[in-house]
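Residue numbers start from 1 in every chain, and the chains themselves are labelled A, B, ... in the order their sequence lines are given, proteins ahead of strands. Below, each value reflects all heavy atoms present in this structure, side chains not excepted, and no hydrogens, waters or symmetry copies.
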Protein chains: 2
Amino acid sequence: MKGLIGVLGGMGPAATVDIFNKFVSFTAAGSDQEHIPLIISSIPDIPDRTQALLHNGNSPLPVMEDYLHRLEVAGAECIVIPCNTAHYWYPELKKACHVEMLSIIETTMGEAKASGKTNIGLLATNATLAMGLYQKNIEGLGFKCINPDQSGQEKVMESIYSLKAGNIAQAESLMAEQVATLFQRGAEVIVLGCTEVPVILAKEIKQHPEKFIDSTASLVRAGIRWYEKRVGKTDLLF
Amino acid sequence: MKGLIGVLGGMGPAATVDIFNKFVSFTAAGSDQEHIPLIISSIPDIPDRTQALLHNGNSPLPVMEDYLHRLEVAGAECIVIPCNTAHYWYPELKKACHVEMLSIIETTMGEAKASGKTNIGLLATNATLAMGLYQKNIEGLGFKCINPDQSGQEKVMESIYSLKAGNIAQAESLMAEQVATLFQRGAEVIVLGCTEVPVILAKEIKQHPEKFIDSTASLVRAGIRWYEKRVGKTDLLF
């Protein structure tokens, strides 16, 4: 089927379920056949991205390239990667990729810019913060980037790894506290710059969508736009 | 990664999200890396299965074989198909398949037999009913199979196509009525023999899991058992 999108997932599996669910629920389809064609890799033995960048762990790059190529041989024409930290290796992955690839950092920053807000909170992994994947972009626009302080950031990481271990209640309560703190410190909107975070905050996002810029959702919207253009649809949904 | 399970999905996309979600949530994993490796095809341009079997529509078989082979080239070692009606073509698909394949009809019937109940309700598509995919098996065990009557079955189909068109509230209300009727008519447990039905009845299943045999969940449990055996884990989860 024309326009097949390959999802290089598994980082982690719950975030990959979330992007798949958003592709299905964001598509205005009247039947099975009108949905976006997807091929999804959720092969989770990719070395931990934060461990690799901050604690001398194994690089995930060779394994990511392997799974990327599997999506290509299965027919994918465009690759999306629902993991923000993995985008540290985006230049190498894009070079290794024989088809199109969308960057979650670019799609998220596009929505941050369009939000009209200038005090931007940021929830992301230690590695995404240390590599400046978002701060450089946010500050480059002349906006203020508000991160949790050191102890708050420890709670963010504890929340993310709690979700990865299946402890959703603990993940929610730890993350909700950091959300409240960022708003108290002047954030007008919060970039959810880790794909586990929208899973953890799903209930809060549903109640107050205007408070958050969900990186996963921005990648899905860009993927749907890419597909509509690829198949020549003129009635763009977004 | 050893033990890669290929999910031949897209029939429909929402049911494919559901099986993926169940693979992740049924796995007792402490980190990303401990999850079951999956490669999922959700390419939905497969001709409608009920249309093909009952209304002279195009056969889905050639397209299903194409997508099955894509999963094989991507490295899948075992195939699962989260669509009951598609299992009419299971013998041909199994013949065309170069790796292992699990049958949702077999895994569901295994759980029906283990339930200890003998009055079995059945919610499935018109085509699954017309081909007798479940009734023959249920009656073969000497059990009673209780289907909706003709007007009830029309509501079941309306509910399934409502979900496929994104109208969840309508799908829920139509299906809940048929559930109540089957229990009034003497069903002790209901086989959800269409993978859209557990999506539609998700809230009711959560409240009363003992009332239902969810075909998707049975396929996931069998997939996890297959994986544990493949990788030589001795601490079986189920």
Side-chain angles (χ1 to χ4, degrees), chain A residues 1-7 9-49 51 63 66-67 69-76 83 161 163-168 196 199, chain B residues 1-7 9-49 51 63 66-67 69-76 83 161 163-168 196 199:
Chain A
M1 191 175 174
K2 200 169 153 182
L4 183 60
I5 295 179
V7 178
M11 304 177 276
T16 312
V17 172
D18 187 44
I19 193 171
F20 183 17
N21 189 39
K22 282 173 176 154
F23 262 111
V24 175
S25 59
F26 288 8
T27 307
S31 69
D32 287 357
Q33 291 73 17
E34 289 171 37
H35 276 276
I36 308 279
L38 298 170
I39 179 117
I40 301 162
S41 166
S42 181
I43 315 183
D45 65 348
I46 301 173
D48 188 280
R49 287 62 61 194
Q51 286 294 322
V63 187
D66 175 7
Y67 299 159
H69 293 316
R70 291 180 192 222
L71 294 171
E72 288 178 342
V73 298
C83 174
Y161 283 102
L163 180 79
K164 287 178 187 289
N167 193 339
I168 294 169
E196 254 89 24
V199 180
Chain B
M1 190 176 177
K2 198 168 153 182
L4 183 60
I5 294 179
V7 178
M11 304 176 277
T16 312
V17 172
D18 187 44
I19 193 170
F20 183 16
N21 190 39
K22 282 174 177 156
F23 263 111
V24 175
S25 59
F26 288 8
T27 308
S31 69
D32 287 358
Q33 291 74 16
E34 289 171 38
H35 276 275
I36 309 277
L38 298 169
I39 179 117
I40 301 162
S41 166
S42 182
I43 315 183
D45 64 348
I46 300 174
D48 187 279
R49 288 62 62 194
Q51 286 295 320
V63 187
D66 174 7
Y67 299 158
H69 293 317
R70 292 180 192 222
L71 294 172
E72 288 178 342
V73 298
C83 173
Y161 283 102
L163 179 80
K164 286 178 186 291
N167 193 338
I168 293 167
E196 254 89 23
V199 181

| said: Quick check for you: among A:V7, A:L71, A:N21, which has the greatest number of heavy-atom pairs under 4.5 Å with chain B? | reply: A:N21
| field | A:V63: partners by side-chain contact (heavy atoms from CB on, under 4.5 Å), with sequence neighbours left out | value | A:D45, A:I46, A:P47, A:Y67
| Which of A:S31, A:P13, A:G75 touches chain B most, by non-hydrogen pairs under 4.5 Å | A:P13
| With a 4.5 angstrom heavy-atom cut-off, which part of A:V24 approaches chain B: side chain, backbone, both or neither? | side chain
| request: Report the distance from atom CD1 of A:I39 to atom CD1 of B:I39, rounding to the nearest 0.5 Å. | output: 4.5 Å
| Side chains of B:P37 and A:P44 in contact at under 4.5 Å (non-hydrogen atoms) | yes
| message | Quick check on the interface: out of B:S41, B:S42, B:A165, who has the most heavy-atom pairs with chain A under 4.5 Å? | response | B:S42
| Within a strict 4.5 Å, meaning less than it, do heavy atoms of the A:T16 and B:F20 side chains meet? | yes
| task | Identify, with sequence neighbours excluded, every residue that meets side-chain hydrogen bond (donor to acceptor under 3.5 Å, both in side chains) alongside A:D48. | result | A:Y161
| request: For chain B, find which of A:K164, A:E34, A:E72 contributes the most heavy-atom pairs closer than 4.5 angstrom. | output: A:K164
| task | Starting at CD1 of B:I40, measure out to CG of A:L38 and round the result to the nearest 0.5 Å. | result | 10.0 Å
| request: Check each atom of A:I36 against the heavy atoms of chain B and say whether the ones under 4.5 Å are side chain, backbone, both or neither. | output: backbone
| field | B:L4 portion near chain A, given a 4.5 angstrom heavy-atom threshold | value | side chain
| request: Report the distance from atom CD1 of A:I168 to atom OG of B:S25, rounding to the nearest 0.5 Å. | output: 8.0 Å
| request: Return the option, out of B:A74, B:G12, B:G166, with the maximum number of heavy-atom pairs under 4.5 Å with chain A. | output: B:A74
